[in-house]
Each structure stands twice: as C-alpha cells, then as structure tokens.
Amino acid sequence: MRRILIANRGEIAVRVARACFDAGLESVVSVSAADRDGLAALVADRAVTIGPPPAIESYLSIDRVLAAAKAADCDALHPGYGFLSERPELAEACEEEGIVFVGPPAAVMRRAGDKMSARAVAAENGIPTGAGSDGLESLEQAVEAAERTGYPLMLKASAGGGGRGMAIVNEASDLEQRFHSARSEAQQAFGDGRVYLERYVGRARHVEVQVLADTHGNVIHLGERDCSCQRRYQKLVEEAPAAGLDAALAEGIRNAAVELARALSYVGAGTVEFLVDTERGDFTFLEVNARVQVEHPVSEAVTGVDIVGEQLRIAAGERLSIEQDEVRIEGHAVECRINAEDPRNGFLPSPGTVTRWAPPNASRIRVDSHVQPGYEVSPYYDSLLAKVIAWGPDRAAALQLMRRGLDRFKVEGVRTTVPLLADIVAAPAFAAAPVTTRWLETEFLEEWNARPTEG
Amino acid sequence: MRRILIANRGEIAVRVARACFDAGLESVVSVSAADRDGLAALVADRAVTIGPPPAIESYLSIDRVLAAAKAADCDALHPGYGFLSERPELAEACEEEGIVFVGPPAAVMRRAGDKMSARAVAAENGIPTGAGSDGLESLEQAVEAAERTGYPLMLKASAGGGGRGMAIVNEASDLEQRFHSARSEAQQAFGDGRVYLERYVGRARHVEVQVLADTHGNVIHLGERDCSCQRRYQKLVEEAPAAGLDAALAEGIRNAAVELARALSYVGAGTVEFLVDTERGDFTFLEVNARVQVEHPVSEAVTGVDIVGEQLRIAAGERLSIEQDEVRIEGHAVECRINAEDPRNGFLPSPGTVTRWAPPNASRIRVDSHVQPGYEVSPYYDSLLAKVIAWGPDRAAALQLMRRGLDRFKVEGVRTTVPLLADIVAAPAFAAAPVTTRWLETEFLEEWNARPTEG
Amino acid sequence: MPLSSQEIKEILAILEESGWDEARLTIDDVVLAVSRNGGLGLEPSASPPAPPAPLSQAPSPVTAGPPPPAAPTDAAGHQVSAPSVGVFWRAPEPGAAPFVDVGDTVEAGQTLCIVEVMKLMQHVAADVAGRITAIHVQNAEHVEFGTPLFSIEPV
Amino acid sequence: MPLSSQEIKEILAILEESGWDEARLTIDDVVLAVSRNGGLGLEPSASPPAPPAPLSQAPSPVTAGPPPPAAPTDAAGHQVSAPSVGVFWRAPEPGAAPFVDVGDTVEAGQTLCIVEVMKLMQHVAADVAGRITAIHVQNAEHVEFGTPLFSIEPV
C-alpha cells in the first residue's frame, strides 16, 4: 500500500488523512465540488473533484469514487463511515480493480451487515439475540411471532438502520397497521421490505464493542462504549467504557463480540452492538457495523490504540499492533457530536457560513473536525461539524472537563448543538447514573425545552 | 490563584490560555484593538481591549496591562515572552497590586537578566564565562581587555539581546570604531550603553538548558536545546536534545545551568544559554532568559513535562510536579518557526490576510498557532505565525517527519518561511552533523538563494 | 419581489447621475450594488478561500447528461466542462475519427466527446451552437468534475 | 417593504447634497449604503469576525491625548470613546461636580471625563462641539479601549 483514496468527506476524511500521514502513506480525497476547498482537500496530499455537490452524483457514486482512485493511481481505498462504507458492491468493485478496500471483504460485509443473517450467526454461537422472529413475510407470520414474543415488541427493518422501518408495538390491536407501515417504510428506505420483530426493552442501554480483526486470525476487542444518549436513534453523546455495568455482564458482552467476529470470519475494524436490559441485567445482540464508527475516538482515548491506524495495518496485511492482553482501559472518555442544528427548534439543520470557530483548546480534549472560519455548512450533507472528546481519570472528571470545554466552544454563524450538549453532560441525572436510550427524549429534552432560553 | 491575565498575544497567548484551562484556572487576555477578534481572545475566557494596535500603547504598557488585570479581577498575570516579560518593573508593580506574577521576583529577574551581573554570579560559582571583560567604561579599558582576551573578539551590550549592540572585532585596528558604535547602538536600543567583550568563537553552537525552580528550593533541568540554526541572531530551527554533544560536556552544561539557577535563587521557568566551542569541546555561559521561551515545546516533547503548567504551579506556590531523577529525555524533537516573511526577498515581512491555513495534521506533530483562515498579519507585531514541532524516536526520524509535515503545510495569502524551513531540515549538512551558529547565513542561505525558485 | 424592474431602472438612473462612487441597495433578497472607478470591494468577499476552478454560473444547459457541465463564459469563449471525474475520449472508439476538431462548427446538443467513468460512457454535448476554438485536454487523459474540455465561440 | 422607490430616490438626493463621504441606511430589511472617493469600510468587514465595538473612522481628533479616541458617527450622534483601558471618572475628584452632564453644550477640546490607568489620569476631551446626548458608562466603572463614553450631537 502506497496511496489511499479517501472516499468520504468532513471530519472522518480529515481523520483518515491524518492516519495516512502517520503511517507514511499518501492520501487522495475524492470530493464533490462543494468540498473542493475544504480542510480534507487541504490536509490530504491531493483532492480529486468527482462530481457536483449532491451526494448521489459524488460521494454515493461507486463508479466515480473508483474513477478517482484510478485517476490518482491509488492502490487502496478507505470508505470512512456512512456514504458507501457498508456497500459490499464497493468492496467487490475494488477487488476487481486491484484496489485494496480498507474494510471487510464483500462476503463478510454481506454476512455481517444483513441484520437477520448476523442474528442467525449470533444465535448459532450461543449469543443472546432476544426473543425475536425471523424475517416476516406476512401479517399472519407477524401475529404468530408476536404472540410467541409477547408485548411490547419492536418491528425492525432487516436491511435497515437509523430508525427507518422501526416501530414499537404496544398491544396486539396495533400490530396490523404498524406491520404494514414498517414494511413500506423499509421498502422505501432500503429497497428491501423485510422486517422482523423482537421483544421491546423499555429501560435499555445501547452498548457496543469495538473489535479489530486482522488477516492472520487475530481478533481483539477494545472494550465497550455506551451510546444510550440518543434522539430518534441518532447518538448525541458516547462514552467508553460503559459506566456502572456489572463486571461479569461487561465481560460477557466483550467476549460475545469477539466470538461473533470470529464466527463471521470478520476482518477489519468493526462494532458489535448490543441492547442491555437494565432491569433484567442481561444483553441481546443487535447488529454489526462493518466500518469505523463516528464514536471510535472514545475507545482510542481509553486504550491508546489508533483504530484508523490499525485499519490501515490490517488492510496492508500486517498483524494488529497490539494483543488482547496488552489492551488496558484507562480512565473514562466522553464524546459529544457538534451538529449544525438548532436544538431549540426541532433540531432543524442550520446551514450557513461559520464566521467564528474556536473549539476548546486543552490537553485532555480532542477535537475532530473539518471546520474552519469561513466554512459553509452545506445543505447537501449531514450536519456534523465536530466531535469533542474529553478524557478524565474517571467519568465525573471527564464529564466536568467536557462541560468546561463546551462552555468555551465559540461558534458563530450557524446554530449548533453545543448549548444542549453542555446541559446534557452537566445534568445531575446524566452524571448520577447511566441513562437509558429513552432518557434524552422522554425526560431530559422535555424539561430542557421548557427552560427559558438565553440569548 | 483563580484567574490569570495573559499579558501577551499570538501563539503564546493561546498556549498560556490552554495551560490555564488545563489547570482549572480562568484566563483573561489583554488585547490591542488589532487582536480583539483573534484566536487568543476566543480561547481565553475573556478579552479586555487595552489600547490601539501599536504595542507601545497596548502590549508594552505596564499601566494598561495592570489596569486590565484589575478590571477583570485577575489575581495573577502571565507575561508570555517578549513584550513586558523581562521587565522587573512589571513584576514589581504586580507585587504592589497584590497580583501574582508568573515569573521570577523582580530582584531575581534583575540579577539574572543583566548579563554582567549574571556573568559575575556564574564566575563566582566556577561556571566558565569565557575570557571576557567586565563592563567597559572607556576605550582605554576596552583596549586593555582586548589585549588580555586576544582577537577575534566580540562586543556585546550588557542590557541587550537580539543582536543589537553586538559586533565582531577581528583585529586591533577595528576596535575603536566598533566600540563606539556598539555603545551608541546599545544606548539607543536599551537605554543602557554598557558593553563588554569576550572571546569570539568562530565555530560555535548555541546550546541552552531549560530549568524549572519552585519556591520550595527545588531546581531541575529538562535537558538542553540546540538553537544554532540562526539568521541574524534570530532562531529558525530548534532541537532537543543537542545532537552529537559529548555526554560529559552535556552533563557539565546541564549541571552548570542548575547551579547557576540555585546561585541566583531563581524561581520559575528559565533558560540558561551557553556557547559551545565545537573545536575545543568546551562551553561558556552566555545569559539567562528569565521567562518561558518560544522554543519550550521541544523540551516538552522529549520530556513530557508541561513547562507552562509548571510555571502556573510554581506561581501558585506549589512544588514542581516532577523531580530531577524522574526526568527522562526520550527521542528527539525539532521546532520550526513559521514566520510571515519572504525568505526569497531578504526576509521582508509579508503582511496581509491569510486566506488558506492548513498546518500538518499528524499524531507526532504539534502546531502552536493563533492563526485561522481570515487572520490579518499585522504590521504592528512580530511575524511569527506558528511553531511546528515534530517528535521522532531519533533525530533522523524527527527531521524526516518535519520535512513531510512542512511539505504539506498549506498557507495562502502571505509569504512564509515554510519552503525555506522544509529545505533546511532536508539539507544533508543539517542532517549529517550539528551545525554551528554561522552555518545558516554563511553556508546554507548563500547556496539556497542561488537555487532556482519554483512557483 | 419588492421592486419592479421599472423602479430598479429609475433607481439606477438616479444613482448614475449622482456623484457616488459606490452604492449598495438591499431590499429583502434583492441586492443592487454599483460602483465606478474600478471595483472597490463593495461586495463582501464571501468566504476566505476562493474556488480554484470556475464553477457553473451559466444558464442550465439543456443538452448535458445528468450532471450539468460547468459552462462559464470567459475570455476564451463559452466553455464545456467535464460532468464527472473520468477519462476523456475524443472519439466514439479507438481508431475512429474524433467527434469534433478545433475549427469545427457544432450545433447545440451535438456530442463533443465521451467521459468514461468505470466503463460507463457519458456523452458530453455542446450546450450552445458555435465554433470550437480550443480543446483543453488530451485524448485518454483523466479529468475531474469541472475540468474545462472545450471552448466554443457562440454563433 | 417599508420604502417605495420614490422615497429611496428622495433619500439619495438628500444624502448626495450632504457632505458625507459614506452613508449607510438600514430600515428593517432595507439597507442603503453609499460612498464616494473610494470605499472605506462601509460594507460589513470582509473577514469573518466583525469587531464588536465601533472602531475609529472619524477624522483624527485634534484634542484627544496620545491614543486617539474611537469616535464613529452613528444613529446616536457623534461618539467619544475610551482612549485606554481604565476606570471612568465623571468628576475631577471624588465629591466634585461632574465635568459634564446630559444636555450640556461642550466646546471641542473641553474635558468630558477622566480615564484612570493605574493612577495615571487621562483627561478625555470632546473632539467636536455639540450637545451631550448620552453618557454610556457609570462613574467608577471599568472601561476598555474603544468603549463608547459619550454621545454628542454636533452643533
């Protein structure tokens, strides 16, 4: 490997370019016309403009991304997260063109990425998948599975993610309507109308395990992250490790993730997501994310392992730089996602020009971002401006540092989630106990929206 | 200590604000109207505009800086480097106002800062000061001292620095003219016409030792730096440790620095500068810099000690966080000073607006800067835009990393020293051997200026 | 739209007769800015970095494929730019005659070249009628989105 | 739309007969800005951060001390600003009558207040003759360089 095409934009493109520099590799970023002058284009060794701003004609075009790789004579391709990162077709096309894909092989990605096939592999390996169903072909199958599972239950799209095609069904009388709408939503969103159902856990935590697997059969985990602080299935705050998790339970989750990765013959960096039922104290497997994740820096902060660097090593056919028994989880890390959204106004995206930009400047705070003063928040892409990661010797210290950092984060020109996040990490309920996936929406935000606004 | 006034601007103001944040202290930066919207004003907790852009009515005004400290209710003041940082009057005024001065007490600053008194203390403590003279009152004294010392010799201003009031005298017939012009230059520059002379070392290295001294009598050093790569006595590239220095010689220099600091009852962070005669393999004391220095990050990079953080601890009356036997020098660090100057055109300052700004983004490269896109390089202040610090396991690795980083440093809108620095760190002569203080001007630049320019 | 074109004309006339060197009038979304004696910086420079390559500011071309080619009119005449990253082919197949040559007259809608994106052949058509005055890229060269391909002198 | 084109014309004519080199008129969403003899800084500053306090663009004051007071002319009339960080004193000494009060008429050069910088008393003088229409800072308050102190309606 000599030269990597970074087929992404924003902060992750900057992050991957940094990892390439660290590894002594050249980097080329494929950009849309909207990002031609962006920070990713500046920090990479070269930028290739592949199309106009709309993602469908740029970041989502496998052909154009590959054409850029060939035009710039790249021998490898890093897809980042989102966009094409979990499209087995890209991995396949790379293989055909003799370009190393930094991620799992297409076949592994298919097995891991399809929720039902991943659940089946998990179940075969004795990993709890929750009382659930196989793919539901008809309302009759759904009724039967629902009776077996019991209410409340949750419908999910087999091909899906991000909350689309998902529905909570509280009682039998709701099932028919919810089943049909989930199917059509899944069909629309993913071109695949298959849905399945599982027990709905009211007081749940979202806990996920970072795994790394090389081509020599080494599979390790870097501990788990808690991403329960969500709004509409979008993560706002992530942490490592998961606070207050029973040690045996944490160990069980970590081991399950490694076992599943082995069973899937996984290669690369990946995340195994679990739902932890805080009332019963058990966990069920949710899905595998076959790519680097937005929240990977919290795991880096507590382990010192450079996850993107390991991705490059794995892709180059090298061994992982660290073995499981060398992995130490030290202290606690919290990440906040700074979005150009107005949390006081239904999280409406806030496009515009960033006129001032001064993220916190501190030894124990890391800021991953592609934003500089003058940056145009484009309506074409998601609204993530920066990730702020604070590390402390314990959770209280990390949260306090994050609060101090966010209080000093100066952004002008667009509205952001900074004030909301500052209030979340300072909330007594958030500090006192691990929150569940519904805390933010059903408890915190209702109270927060009622607070008088300043300025 | 609760709230620090940062009486400076530019990258060091940003650096001190970071250290304040790390220490849990509030920071207020006193700014001129030119810097009201600068990064230092944004990263500090507050900015107080003290005067118009000219430094004499802002950064050089003790009264205004103190008035800002009082207006913002600060209980301590950090002077940075340059400007008022070595003015005993400021330390005194702080004392009178009950404000903790982050630096040595006025009396110590006077003793350490006056070159002749510092030389006298050094000589008393058996530290070589070179064959030199006391303050020269008349031409007769100068002739006598010159005969005792031998030619070539160097005249220096007692109160001076930065090359003003300095002159090389090659033979007796030049002495009279050089003596008078050095005196009048010193008088003009420092309001103090005293000069002294010392043996002139043709093949010399500038080696300096970072010391830290607390109020409990602990004095340690963080090893030495080599700052021989100079042009007109201005440092361009600095390194830690000093490469290729005989171990016993290095040990002698480090110990001399600590002894001198003890003898001066020094308190705070300081630097003891030495001249190393590479032909004779010995060293002589030059002067003490009673403040944090521009090049402090290279010492931080190889020791892991936060020098500005230690300054704050010392000022708060705490003990140093580290003892001498815990200090480890690991690997090698290089710093390049990025100035808004045109090295192809006599290093003419290049004011203007920085339209693009993308410093290298790498794990082992640190960038200290106050610049963002849109920054106006003001004609009122010095032209330092950024310091780039590269760390490697050895000198070759650090230089190579620096070269790669500088090659990817993208600046537009003003001319900078980046291309020159990239060529310096890649020069075989620079990589092969430690250079002397005259290498850059008399060897490298002559050849470099003759190279055809690109773009 | 708070001002009629008639009103704008009248305002312009008044401004022109006046002694001002610069004027800027903003009404809701309407911005009217005029200056004489050289552009003085009335217009706020939008954001620090200026785009290095011209971006589309021409009327939407009717003939191009899905991605509209950037087609600014500059000193070199009207330009047709690459609609995508890819490889530039002047002829429909190897060995065939090129679609067009410098000096040729073309109709709007006439194919000028192919930009190949991973075996996908995108025909790039002229969006104005005119005479080809320059071909900026060599056959088989890689191009990016927005790379100027042809200059056309409209007729 | 608060202004008709007829009204704009009238305003332009009035402005033109006036002696100003620059003018900027904002009414709700309508902004009208004109200048002659070269655009000074009429347009919102090109670079991202806009200064939070008004900066000098007035003719150099002849009466002020070493640091020129910022004295822009705005809707509130002519302004006299602090020449330095310091403490604002309305009277020559504690208990004495203030130098000036709202409504007073002042001559150019007349002392308006003292800004004390660490025992150094800087007398701040009016740079135009006129009537004091506002005093923006309380006695004994801390001020910064550029803090507006007085508004004066020139006579």
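Quick note on labels: first sequence line is chain A, next is B, and so on, each numbered from 1. None of these values were measured; they are calculated from a predicted model.
Residue contact with chain A, scored on non-hydrogen atoms closer than 4.5 Å, involves the backbone and the side chain of B:Leu401 alike. For chain A, no part of B:Ala23 is nearby; none of its heavy atoms comes within less than 4.5 Å. In this structure, chain B has a heavy atom under 4.5 Å from the backbone of A:Ala44, while its side chain stays farther away.
Between A:Arg18 and B:Asn361, the shortest heavy-atom contact is NH1-OD1, 2.6 Å. Scanning all heavy atoms of the two residues, the minimum distance from B:Arg404 to A:Cys20 falls at NH2-O, 4.5 Å. Residue A:Ala358 comes nearest to B:Leu42 through the heavy atom pair CB-CB, 3.6 Å, listed as atom of the first residue, atom of the second, then distance. Closest approach of A:Phe21 and B:Ala362 over heavy atoms only: CD2-CB, 3.3 Å. Across every non-hydrogen atom of B:Val43 and A:Lys410, the tightest pair is N-NZ, 4.5 Å.
Here the side chain of A:Gln372 pairs a donor or acceptor atom with the backbone of B:Trp357 at under 3.5 angstrom.
Atom CD of B:Gln400 sits in a sparse spot, with 12 or fewer heavy atoms from other residues, nucleotides or ligands closer than 6.0 Å. Open room surrounds CD on A:Glu330; 12 or fewer heavy atoms of other groups in view lie less than 6.0 Å from it.
Each of B:Ser363, B:Ala19, B:Ala17 has some count of heavy-atom pairs under 4.5 Å with chain A, and the biggest count is that of B:Ser363. When the candidates A:Pro360, A:Gly24, A:Pro359 are compared by the number of heavy-atom contacts under 4.5 Å with chain B, A:Gly24 comes out ahead.
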Show the numbers, then the answer: is there a salt bridge (charged side-chain N to carboxylate O under 4.0 Å, His left out) between A:Arg408 and B:Asp45?
-> CA-CA 7 Å; A:Arg408 282 159 183 81; B:Asp45 292 322; 2.4 Å; yes

